[in-house]
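Computation of the quantities below employed the complete heavy-atom set of this structure, encompassing side-chain atoms and omitting hydrogens, waters and symmetry-equivalent molecules.
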Amino acid sequence: MDRERFADKAAVLTGAGSERGIGFAAARNLGLGGCRVAITSTTDRIFERVSELQALGIEAHGFVADLTDRGQVEDLGRHVLSALGRVDILINNAGMVQVGKPGEEESAPLATLSEQAWRESIERNLNTCFHVTQVFLPGMIEHRYGRIVNVSSVTGPVVSNPASAAYSAAKAAMVGMSLSLAIEVGAQGITVNNVAPGWISTGSQLPEEAIGGFNTPLRRSGTPDEVADLIAFLASDESRYITGQLIIIDGGNTLQEYKGPIESYY
């Protein structure tokens, strides 16, 4: 690991509470490259992740915030800037599974999906990204430098699943929002890109999703560290001429027409 890759850089990474999640893997990757990091989640478990990062010699700060609440996001912005001084890199990873929130996310066909479930999914998977980006973007514009990486999904921008209309709409909208933003801030030295994971073996992966991973061309799910490597590239100066892109990381799953059991076709 090149400990100078992100020297003198500071990053905010949302949705980093899970020890087996993409957000924490990305924070560890950036931190080991010399980046100072601020990580967020909805519960106090974020402080366990901070301790783990600090044990690796990484300067890390943790914050608890509900990113669907604009007031809490603005408070987060003030606390992060107080701790880090400035933010050069923003990784919008929060969404989908949200620990500490009451109830479970409703999954239903569009015909029977409640308006409340629709609104909650848009809040969790799209508006969190909007709020956090809008809070930290002015500082990037002022310093004429920034790397914004949004963790979208193949679900929505590329493919979808039954009973996933709201989630798909949110993740596709995240990409659309990024396209416009990339045009708006490119002249200020800011790039905006999206990564689109497929089946990834995070702590929240369901058994049926693991089966999906086995049936990709690479015959396995991806790992959070593999997604984190892509995020780190897009957050680095190595990607300085890449902006407004959606990069798929799914083991080739969206390439194949047939997605059933291997023995039935291959």
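When all heavy atoms are compared, the tightest approach of D66 to Q72 is N-OE1, 2.8 Å. Nearest heavy-atom pair across F6 and A235 is CE2-O, 3.6 Å. Across all non-hydrogen atoms, the minimal contact from F233 to S239 is O-OG, 3.0 Å. Considering every non-hydrogen atom in both T243 and A182, the closest pair reads OG1-CB, 3.5 Å. Counting all heavy atoms, side chain and backbone alike, A83 lies closest to H61 at CB-ND1, 3.9 Å. Minimum interatomic distance between T155 and K171 (heavy atoms only, all atoms of both residues): O-CB, 3.5 Å.
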Query - CA sep, side-chain torsions, deciding dist, call: T133, V192, side chain to side chain contact (heavy atoms under 4.5 Å, CB included) - result: CA-CA 10 Å; T133 301; V192 187; over 6 Å; no

Q: Before giving the answer on side-chain hydrogen bond (donor to acceptor under 3.5 Å, both in side chains), spell out for N29 and D229 the whole-Å C-alpha distance, their side-chain angles and the decisive distance to 0.1 Å.
A: CA-CA 7 Å; N29 197 322; D229 285 340; 2.8 Å; yes

List the steps, then state whether side chain to side chain contact (heavy atoms under 4.5 Å, CB included) holds for F47 with V64. CA-CA 9 Å; F47 301 117; V64 177; 3.8 Å; yes

- Please assess M140 against I148 for the test side chain to side chain contact (heavy atoms under 4.5 Å, CB included), listing each intermediate value before the final yes or no. CA-CA 10 Å; M140 293 182 177; I148 299 173; 3.9 Å; yes

For side chain to side chain contact (heavy atoms under 4.5 Å, CB included), just list the numbers for I141 and I190, CA-CA rounded to whole Å, side-chain angles, deciding distance to a tenth of an Å, and then say yes or no. CA-CA 8 Å; I141 293 173; I190 302 167; 3.8 Å; yes

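Side-chain contact between T68 and N127: absent, with no pair of heavy atoms (C-beta onward) separated by less than 4.5 Å. At a threshold of 4.5 Å between non-hydrogen side-chain atoms, the residues R28 and L53 count as touching. Residues T40 and L76 form a side-chain contact, since some pair of their non-hydrogen atoms from C-beta on lies under 4.5 Å apart. Taking the side chain as every heavy atom from C-beta outward, M174 and P157 never approach each other to under 4.5 Å. Using a 4.5 Å heavy-atom threshold, the side chains of E123 and L126 count as separate. Considering only heavy atoms from C-beta on, P224 comes within 4.5 Å of S201 through its side chain. No side-chain heavy atom of L67 sits less than 4.5 Å from a side-chain heavy atom of H131.
With S121 contributing its side chain and A117 its backbone, the two residues share no donor-acceptor pair below 3.5 Å. The main-chain N or O of G17 is found under 3.5 Å from a side-chain atom of R49 such that the two form a donor-acceptor pair. Of the possible polar contacts, one joining the T128 side chain to the R124 backbone as a donor-acceptor pair under 3.5 Å is found. N193 places a side-chain N or O within donor-acceptor distance of the main-chain N or O of Q245, the cut-off being under 3.5 Å.
A continuous path of Ile, Leu, Val, Met, Phe, Trp and Tyr side chains, each step under 4.5 Å between heavy atoms, connects I89 with I242, placing both in one hydrophobic cluster. Under the 4.5 Å side-chain contact rule for hydrophobic residues, V80 and F130 do not share a cluster. The hydrophobic clustering, which links ILVMFWY residues whose side-chain heavy atoms are closer than 4.5 Å, places L234 and M177 apart. Placement of F214 and L206 in two distinct hydrophobic clusters is found when ILVMFWY residues are connected by side-chain heavy-atom separations under 4.5 Å, directly or transitively. L32 and L230 end up in the same hydrophobic cluster when Ile, Leu, Val, Met, Phe, Trp and Tyr side chains are linked at under 4.5 Å.
For D44, there are no side-chain hydrogen bond (donor to acceptor under 3.5 Å, both in side chains) partners, not counting sequence neighbours. Under the side-chain hydrogen bond (donor to acceptor under 3.5 Å, both in side chains) criterion, N93 pairs with no residue, sequence neighbours left out. Taking the salt bridge (charged side-chain N to carboxylate O under 4.0 Å, His left out) definition, one finds that D69 meets it with nothing, sequence neighbours left out. For E115, the salt bridge (charged side-chain N to carboxylate O under 4.0 Å, His left out) partners at least two apart in sequence or on another chain are R119. With sequence neighbours excluded, the residues forming a salt bridge (charged side-chain N to carboxylate O under 4.0 Å, His left out) with R86 are D88, listed by chain and number. Annotation: ring-ring contact (aromatic ring centres under 6.0 Å, His included) contacts of Y258 (sequence neighbours excluded): Y265. Here S236 pairs with nothing under the side-chain hydrogen bond (donor to acceptor under 3.5 Å, both in side chains) rule; sequence neighbours left out. The salt bridge (charged side-chain N to carboxylate O under 4.0 Å, His left out) test applied to E48 returns no partner, not counting sequence neighbours.
For the atom pair F63 CZ and R78 CZ, the distance stands at 12.5 Å (nearest 0.5 Å). Note that the CG atom of L13 and the SG atom of C35 stand 7.5 Å from one another [nearest 0.5 Å]. Between I249 atom CD1 and W199 atom CH2 the span is 15.0 Å, to the nearest 0.5 Å. Taking CZ of R36 as the start and CG of L30 as the end, the distance is 13.0 Å to the nearest 0.5 Å. We find the CZ-CD1 distance between R20 and I200 to be 12.5 Å, quoted to the nearest 0.5 Å.
Sequence neighbours left out, the pairs with a member in residues 207-222 that pass side-chain hydrogen bond (donor to acceptor under 3.5 Å, both in side chains) are Q205-S221, R220-E226. Pairs engaging residues 132-158 under the salt bridge (Lys or Arg N to Asp or Glu O under 4.0 Å) rule: R147-D237 [sequence neighbours left out].
Through direct or relayed side-chain contacts under 4.5 Å between Ile, Leu, Val, Met, Phe, Trp and Tyr, L255 connects to no other residue. Other members of the hydrophobic cluster containing I248, listed by chain and number, are V154, V158, V159, V175, L246; membership follows side-chain contacts under 4.5 Å among ILVMFWY residues, whether direct or relayed.
With respect to the salt-bridge test (charged N to carboxylate O, under 4.0 angstrom), the residues R5 and E238 qualify.
When each of I231, T223, V195 is checked for a side chain to side chain contact (heavy atoms under 4.5 Å, CB included) with I22, only I231 meets the rule.
For the residue pair N194 / S152, no side-chain donor-acceptor distance below 3.5 Å is found, with atom types taken as modelled.
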